Amino acid sequence: MDRAERRELVARNTAEVVTPEELDALLAGDSGDDSGDSDGGDGEPTVYIGYAPTGEMHIGHFTTIRKLADFLHAGLSVTVLIADLHAHLDDEKSPFELLDARSAYYRAAIEGMVEASGADPEEIEFVRGSEFELDPGYALDLLRLAADTTISRVQRAGSEVVRESENPKLGGLLYPLMQTLDVGALDADVAYGGIDQRGIYMLGRELAADRGEDPPICVFAPLLSGLSGGKMSASEAGSKVSLTDSPDAIAEKLRGAYCPAGEIEDNGVLEYLEYLVFPVLGERSETFGIERPEEYGGDVTYGSYDALEADFVAEELHPQDLKEATATHLAEVLAPIRQRFAGRPELLAEAYPEAHG
RNA sequence: CCGCCCUUAGCUCAGUCUGGCAGAGCAGUCGACUGUAGAUCGACUUGUCCCCCGUUCAAUUCGGGGAGGGCGGACCA
């Protein structure tokens with residue numbers, strides 16, 4: 001794989017790279033970081049993504065995690081942080097007593113998604129936040145950051161991530177500062193995450209500069225639209241496909257999805273295809289087949305998302321046919337993950353006693 | 001440590017001041033219309049009225065206690 005291919009693999013299907021020049025330099029091996037405090041000594045650039053183990057994971061997480069396969073294939077070393085303390089710090093989204101169970105569930109879910117994306121989960125290093133975020137050195141750095149950063153600056157940085165409320169907790173302010181420290185603590189060259197993380201990492205880059213450190217390169221994944229139009233909502237079950245939805249449930253949710261003929265904007269169905277289904281099919285060298293009655297043109301097959309989108313925009317492809325085919329392929333992509341959890345029901349039952357106990 | 005205020009449908013809130021088993025908007029569900037969905041139109045659903053005790057024929061509404069949340073004051077050697 002040459003440098004251009006590698007760069008393309010790292011940057012494809014992303015919302016933004018900050019900055020592309022820094023990424024190029026990193027992949028070229030002259031990151032300017034000769035101090036030996038990163039890369040773990042093996043010379044491979046390291047990318048990290050952090051997840052706070054809060055609610056159940058869904059297809060939105062899957063699209064973001066699928067890219068970890070790209071990173072691995074591009075020869076990067078990948079670290080996944082299970083940010084258990086963050087899960088509690090953010091308005092106690094996860095009760096303290098459930099952090100162990102939810103961390104275990106998140107790790108299993110992420111491994112399942114990585115495997116379903118065509119990469120080996122064994123190649124990923126998993127780290128739990130509480131393993132290092134309580135170290136004296138880290139704690140001292142956190143206090144010094146807190147002393148040096150204004151409340152409004154941190155609030156602004158975390159506004160897309162930390163739960164907004166009329167009476168915000170102090171924990172929500174610690175959260176972005178800790179995330180900033182995590183990048184360095186994990187020796188990551190690249191911070192990867194959803195575009196909602198942008199505010200926090202941009203603050204992190206500023207603070208790193210203040211402290212005389214190299215700012216992390218940031219790669220952001222797009223956030224998917226909800227199936228009901230607009231943003232995907234965590235609380236609205238019908239607005240997203242869950243990791244463990246049955247094929248019937250998936251079909252039903254897709255049937256109800258907002259999907260105007262010929263329109264791409266806010267079209268969650270197309271986004272599922274672009275960022276998840278097609279990349280996974282491509283990994284397996286498979287194509288996307290659509291069964292369609294003769295009266296509407298008969299069966300068709302697409303080898304690329306772009307070709308499908310072009311037909312959809314031209315209204316050669318009807319939303320209803322698209323939805324049915326998407327449901328079928330999506331169920332197939334999710335099947336191995338669903339099986340994994342069916343074989344280990346305690347993972348969900350212990351992490352979410354109210355919903356699965 | 002002291003004082004004041006708040007707690008009603010999934011969400012935002014009204015109401016009970018002058019006690020009689022509770023309402024609006026949004027959301028949601030279901031039809032009609034489009035070969036999907038949405039929009040539009042029509043119909044519909046939803047509640048331990050924070051908990052306990054007391055007064056009363058009857059308490060979400062009154063009284064007492066408690067829990068959770070908010071605000072202010074005091075203390076500052």
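Note on naming: letters A, B, ... go to the chains in the order of the sequence lines (proteins, then strands), and numbering restarts at 1 for each one. Quick caveat, the model's predicted, so the values are computed rather than measured.
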Inset, instruction - Would you please classify the geometry between the A/H318 ring and the A/Y296 ring as parallel, tilted or perpendicular, with 30° and 60° separating the classes? - result: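 The rings of A/Y296 and A/H318 lie parallel, inter-plane angle below 30°.
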Would you kindly give the [atom1]-to-[atom2] distance between [X] and [N], to the nearest whole Å?
{"X": "A/H318", "N": "B/G38", "atom1": "NE2", "atom2": "P", "result": "14 Å"}
{"X": "A/E164", "N": "B/U12", "atom1": "CD", "atom2": "C1'", "result": "17 Å"}
{"X": "A/K253", "N": "B/U29", "atom1": "NZ", "atom2": "P", "result": "12 Å"}
{"X": "A/E252", "N": "B/G28", "atom1": "CD", "atom2": "P", "result": "15 Å"}
{"X": "A/E324", "N": "B/G35", "atom1": "CD", "atom2": "P", "result": "16 Å"}
{"X": "A/L322", "N": "B/U36", "atom1": "CG", "atom2": "P", "result": "14 Å"}
{"X": "A/E263", "N": "B/U36", "atom1": "CD", "atom2": "P", "result": "15 Å"}
{"X": "A/R255", "N": "B/U29", "atom1": "CZ", "atom2": "P", "result": "14 Å"}

Legend entry - Check: A/Y105 ring centroid to A/F341 ring centroid under 6.0 Å: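 Ring centroids of A/Y105 and A/F341 are less than 6.0 Å from each other.
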Taking pairing as Watson-Crick or G-U wobble with both contacts under 3.5 Å, can you name the mate of [N], or confirm there isn't one?
{"N": "B/U36", "answer": "none"}
{"N": "B/U18", "answer": "none"}
{"N": "B/G68", "answer": "B/C6"}
{"N": "B/C75", "answer": "none"}
{"N": "B/A43", "answer": "B/U29"}
{"N": "B/C13", "answer": "B/G23"}
{"N": "B/U48", "answer": "none"}
{"N": "B/U56", "answer": "none"}

Closest to the [X] side chain, choosing from [options]:
{"X": "A/D321", "options": "B/A37, B/G35, B/U36", "result": "B/G35"}
{"X": "A/Y258", "options": "B/G69, B/U36, B/G38", "result": "B/G38"}
{"X": "A/Y296", "options": "B/G35, B/G38, B/U36", "result": "B/G35"}

Between [M] and [N], how far apart are the [atom1] atoms? Round to whole Å, please.
{"N": "B/A22", "M": "B/G65", "atom1": "C1'", "answer": "26 Å"}
{"N": "B/C2", "M": "B/C11", "atom1": "P", "answer": "34 Å"}
{"N": "B/C57", "M": "B/C21", "atom1": "C1'", "answer": "14 Å"}
{"N": "B/G69", "M": "B/A32", "atom1": "P", "answer": "50 Å"}
{"N": "B/C52", "M": "B/A67", "atom1": "P", "answer": "15 Å"}
{"N": "B/C75", "M": "B/U18", "atom1": "P", "answer": "39 Å"}
{"N": "B/C6", "M": "B/G15", "atom1": "P", "answer": "12 Å"}
{"N": "B/A24", "M": "B/U8", "atom1": "C1'", "answer": "13 Å"}

Inset, instruction - Heavy atoms only: give me the nearest A/S103-A/D84 pair and the separation to one decimal. - result: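 That would be OG-CB, 3.6 Å.
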Legend entry - Closest approach of A/R284 to A/A116 (non-hydrogen atoms, all atoms of both residues):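 Closest heavy-atom pair between A/R284 and A/A116: NH2-O, 4.2 Å.
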Legend entry - Pair A/E350-A/H356, side-chain donor/acceptor within less than 3.5 Å: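 No.
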Inset, instruction - State, with a plain yes or no, whether a side-chain heavy atom of A/F278 is found less than 4.5 Å away from one of A/F288. - result: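 Yes; the side chains approach each other to less than 4.5 Å.
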Legend entry - Donor-acceptor under 3.5 Å (A/Y192 side chain, A/T64 main chain):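 Pair found, side chain donor or acceptor close to backbone of A/T64.
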